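Report on one structure; see the data block that follows.
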Amino acid sequence: MAALFNSLCQRPTAAGEVWLVGAGPGDVELLTLKALRVLQQAEVVVYDRLVSEEILALAPPTALRIDVGKTPGRHTLPQPEINALLVTLAQGGSRVVRLKGGDPFIFGRGGEEQAALQQAGIACRVVPGITAALGCAAASGIPLTHRACAQSVRLVTGHGRDGAPDLDWRALVAERQTLVCYMGLTHCDPLAQQLMAHGMAATMPVAVVARGTRTDQQVWTCTLATLAETVRRAQPPSPSLLIIGEVVTCYRAPGVASPAQQGVVAG
Ligand code: SAH
């Protein structure tokens, strides 16, 4: 691998290019045709922890695969080094695919990578992917907007710069709105407390969707008041996200015909 890496970085060819490609939430069939085509033409694939093995396997066997994966709380490669790596590879003339879970521009730091490449004068193109919110909603039958109860959706991160979420709480508790919280499990207790302190009902339905769209997807439903306890007991695996809003009442556990799910742990 080191020899291939060195030779790719030192080729005296014209500048290469970087494609920031969204790999979607996990299910390989949710990859776009464009993402597939670009991936099949890759010379180097720089990928994250969230990219499934099945998707990675679609790159040519000869492509150099570089794992810059981040596990929660442990950054394998710091972001500036990822940016520098992309620049170095492209300057060596390679066709680089930067493969990211979901969509590159939704909590994916794609904007920072794009800026670094632009600054270095390297062509950078973006292929969108299905973001986790959309994948998890579809795979659990929870419509993010619904005429009866949700006219807007907000995607937020539960992980602030210093850890705990630092959000515009007043805006988040607006009526008839669905909240989707990425990276929200670790700090789900302060998240729920803040939402309730700013006026959201303690009975507001919440779904925790773990490994959405994958064969091992699991869903738990509860309320804002019982969220922390539900997460503490269930220990949902990574990656997981939270859907908060009346739309969660549309969720039906597989094989369950109708009863309301509120407060029910449906693994
Ligand atoms: N760019 C990605 C998000 C990266 S942030 C996207 O557009 O989806 C990482 C967070 O995304 C995880 O902590 C989790 O909250 C969420 N996530 C990603 N894939 C997921 C999946 N398959 N199921 C549930 N949550 C997921």
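We're numbering straight along the sequence, starting at 1. Counting convention: from 1, in listed order, for ligands and their atoms alike. A quick note: this is a predicted structure, and the numbers were derived from the prediction, not measured.
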G101 touching ligand 1 at heavy-atom level, < 4.0 angstrom: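 For ligand 1, residue contact (heavy atoms, under 4.0 Å) with G101 is present.
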Close approach of R211 to ligand 1, heavy atoms, under 4.0 angstrom: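 Contact check R211 vs ligand 1: positive.
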Considering only heavy atoms, which of G22, A132, S240 lies nearest to atom 14 (C) of ligand 1?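 Looking at heavy atoms only, the winner is S240.
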Protein residue, atom and distance nearest to [atom], heavy-atom basis:
atom                    : result
atom 5 (S) of ligand 1  : F107 O, 3.5 Å
atom 13 (O) of ligand 1 : M183 CG, 3.3 Å
atom 11 (O) of ligand 1 : Y182 CD2, 3.3 Å
atom 12 (C) of ligand 1 : P239 CB, 3.9 Å
atom 9 (C) of ligand 1  : L50 CD1, 3.7 Å

Which value, rounded to the nearest 0.5 Å, describes the distance between I243 atom CD1 and I142 atom CD1?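 Rounded to the nearest 0.5 Å, the CD1-CD1 separation comes out at 4.0 Å.
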Return yes when atom CD of Q235 has more than 12 non-hydrogen atoms of other residues, nucleotides or ligands closer than 6.0 Å, and no otherwise. yes
Count the heavy atoms of every other residue, nucleotide or ligand shown that sit under 6.0 Å from CZ of R37, and state whether that count exceeds 12.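 Yes - once you tally the heavy atoms of other residues, nucleotides and ligands closer than 6.0 Å, there are more than 12.
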Kindly say whether L50 contributes a backbone atom to a donor-acceptor pair with the side chain of D48 at under 3.5 angstrom?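 No; judged by distance alone, with no hydrogens or angles, the pair does not exist.
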Using only atom types and a distance under 3.5 Å, with no angle test, would you say the side chain of R98 pairs donor to acceptor with the backbone of V21? no
[X]: numbered ligand 1 atoms lying under 4.0 Å from its heavy atoms:
X    : value
P25  : 22 (N)
C136 : 23 (N), 24 (C)
D103 : 1 (N), 6 (C), 7 (O)
T131 : 6 (C), 7 (O), 8 (O)

Using a 3.5 Å cut-off on N or O atoms only, is G212 in polar contact with ligand 1? yes
Please report whether ligand 1 has a polar contact with I106, defined as an N or O pair separated by less than 3.5 Å (distance criterion only).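 It does: an N or O of I106 is found under 3.5 Å from an N or O of ligand 1.
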A116: partners by side chain to side chain contact (heavy atoms under 4.5 Å, CB included), with sequence neighbours left out: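 So A116 forms a side chain to side chain contact (heavy atoms under 4.5 Å, CB included) with N83.
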Taking all non-hydrogen atoms of both residues into account, name the closest pair between E17 and I122 and its distance. CA-CG2, 4.4 Å
If we set the cut-off at 4.0 Å for heavy atoms, which region of V209 has an atom near ligand 1: side chain, backbone, both, or neither?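 Near ligand 1, V209 shows its backbone, while the atoms from C-beta on stay back.
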Begin from the C-alpha positions of F107 and H159 and carry the test side chain to side chain contact (heavy atoms under 4.5 Å, CB included) through to its verdict. CA-CA 10 Å; F107 304 126; H159 192 88; over 6 Å; no
Residues L242, V180; criterion side chain to side chain contact (heavy atoms under 4.5 Å, CB included); working and verdict: CA-CA 6 Å; L242 308 173; V180 182; over 6 Å; no
Please name all residues satisfying salt bridge (charged side-chain N to carboxylate O under 4.0 Å, His left out) with E112, sequence neighbours left out, ordered by chain then number.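 E112 satisfies salt bridge (charged side-chain N to carboxylate O under 4.0 Å, His left out) with R109 only.
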